[in-house]
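Read the structure below first, then the notes.
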Amino acid sequence: MQPERLKALEKAISALAPGEFHFPEIYGPDWNELYVGDKVKLGREFMTLVRKGYFAQVTDTGKKKAGGRVYLKAR
């Protein structure tokens, strides 16, 4: 993932209220402009980073809801 995208994600996560969220919520408005394959690739990269602890406040819940993986931002 590009460094500028990582910084944007970190900023979006810090502005996010604690609780559950989906990746597109923090990716931003450009999400809907991406091709499906790019969405899958970026979502997988984010999941891998979360599972490796890159985003300290975020965990993977292991659930899917409303068509996407659910993440949890700690309080």
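One is the number of the first residue; the rest follow in order along the sequence.
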Run the side chain to side chain contact (heavy atoms under 4.5 Å, CB included) check on Tyr71 and Thr59 step by step: do they pass? CA-CA 6 Å; Tyr71 296 95; Thr59 56; over 6 Å; no
With sequence neighbours excluded, tell me which residues meet side-chain contact (heavy atoms from CB on, under 4.5 Å) with Lys39. Trp31, Asn32, Leu34
Taken in chain and number order and not counting sequence neighbours, the residues that satisfy side-chain contact (heavy atoms from CB on, under 4.5 Å) with Arg5 are Met1, Gln2, Ala8, Leu9, Tyr27
Taking all atoms of both residues into account, what is the closest heavy-atom pair of Pro18 and Ala74, and its distance? CB-O, 3.8 Å
Qualifying side-chain hydrogen bond (donor to acceptor under 3.5 Å, both in side chains) pairs, either residue in residues 8-20, two or more places apart: Glu10-Tyr54, Glu20-Lys63, Glu20-Lys65
Would you say Lys73's side chain and Ile13's backbone share a donor-acceptor pair under 3.5 angstrom? yes
Check: Glu33 side chain, Asp30 main-chain N or O, donor-acceptor pair, under 3.5 Å: no
Over 60° means perpendicular and under 30° means parallel, so classify the ring planes of Phe55 and Phe46, tilted if in between. tilted
Counting C-beta onward and ignoring hydrogens, is there a side-chain heavy-atom pair between Leu72 and Val58 closer than 4.5 Å? no
Leu42 side chain reached by Phe23 side chain, heavy atoms, under 4.5 Å: yes
Kindly write out the residues that satisfy side chain to side chain donor-acceptor pair (under 3.5 Å) with Asp60, not counting sequence neighbours, or none if the list is empty. Arg51, Arg69
Who are the side chain to side chain donor-acceptor pair (under 3.5 Å) partners of Arg44, not counting sequence neighbours? none
Which ILVMFWY residues can you reach from Val40 by hopping between side chains whose heavy atoms are under 4.5 Å apart? Val36
